[in-house]
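In what follows, a structure is listed as structure tokens, so that the remarks can point back to it.
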Amino acid sequence: MQPLIDYARSFRQQTAARPEEFARLAEGQAPQALFITCSDSRVIPSLITGARPGELFELRTAGNIVPPYDPGRPTGEAATIEYAVEVLGVTDVVVCGHSHCGAVGALVRGDDLTAVPAVRDWLTHAAPHAAPRADGTKADGDPAIADAVQSHVLAQILRLRSYPYLARRLDAGQLRLHAWFYEIHTGTVLAHRPSADTFVAL
Ligand code: ZN
């Protein structure tokens with residue numbers, strides 16, 4: 001932890017080198033996109049995209065799960081998505097899964113999660129795509145679990161489409177959804193290409 005504290009202590013020296021850029025942030029934010037990804041420490045949205053402060057509105061959850069739309073049950077996830085779209089007016093939403101994802105891996109393998117009940121209960125929000133396959137087989141032997149994560153990302157995109165205010169904007173052509181997959185071991189970012197229903201490198 002100490003290196004992190006030391007860096008944070010000296011960070012203001014960096015802002016002092018670019019005073020106009022940081023002072024402008026006090027005037028408000030107009031992020032280019034809502035970026036929904038996993039809480040995994042190996043995934044750094046600003047590192048992947050080169051986003052500067054103010055350019056990405058982030059939602060990070062275990063397994064980049066978007067919970068089902070339920071106006072009767074307030075959640076931090078729903079509040080973040082609503083604020084990004086309704087208040088900040090973001091026109092692009094990215095759901096970015098990643099290789100070697102612990103959350104999706106646990107689902108695919110059917111891990112016993114009784115020791116982590118909050119994780120177990122949260123993962124029940126995952127759509128069935130990431131669950132063990134219908135034929136009874138589980139992990140396909142790929143440690144990156146690329147196929148499972150990519151299916152899982154598409155399931156979260158479908159979830160977003162079920163949020164009424166997002167559906168309205170999608171129908172009006174005012175919003176774009178992007179399904180991404182990040183390989184933590186290569187740095188490659190792939191995006192879903194609907195026409196071919198496959199993920200290809202950006
Ligand atoms: Zn993950």
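First listed ligand is number 1; within each ligand, the first listed atom is number 1.
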* **side chain to side chain donor-acceptor pair (under 3.5 Å) evaluation trace for Tyr7 with Gln2** => CA-CA 9 Å; Tyr7 189 90; Gln2 194 56 45; over 6 Å; no

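Looking at Glu77 and Arg159, no side-chain N of the basic residue comes within less than 4.0 Å of a carboxylate O on the acidic one, giving no salt bridge. Between Arg168 and Asp171, none of the side-chain N atoms (NZ, or NE/NH1/NH2) sits under 4.0 Å from a carboxylate O, so this pair counts as no salt bridge.
With sequence neighbours left out, the ring pair (Phe, Tyr, Trp, His ring centres under 6.0 Å) criterion links Phe181 to no other residue.
Ring pair Phe11/Phe22 is perpendicular by interplanar angle, where above 60° counts as perpendicular and below 30° as parallel.
Of the possible polar contacts, one joining the Thr61 side chain to the Ile65 backbone as a donor-acceptor pair under 3.5 Å is found.
With waters left out, the protein N, O or S atoms under 2.8 Å from the Zn ion (ligand 1) add up to 3.
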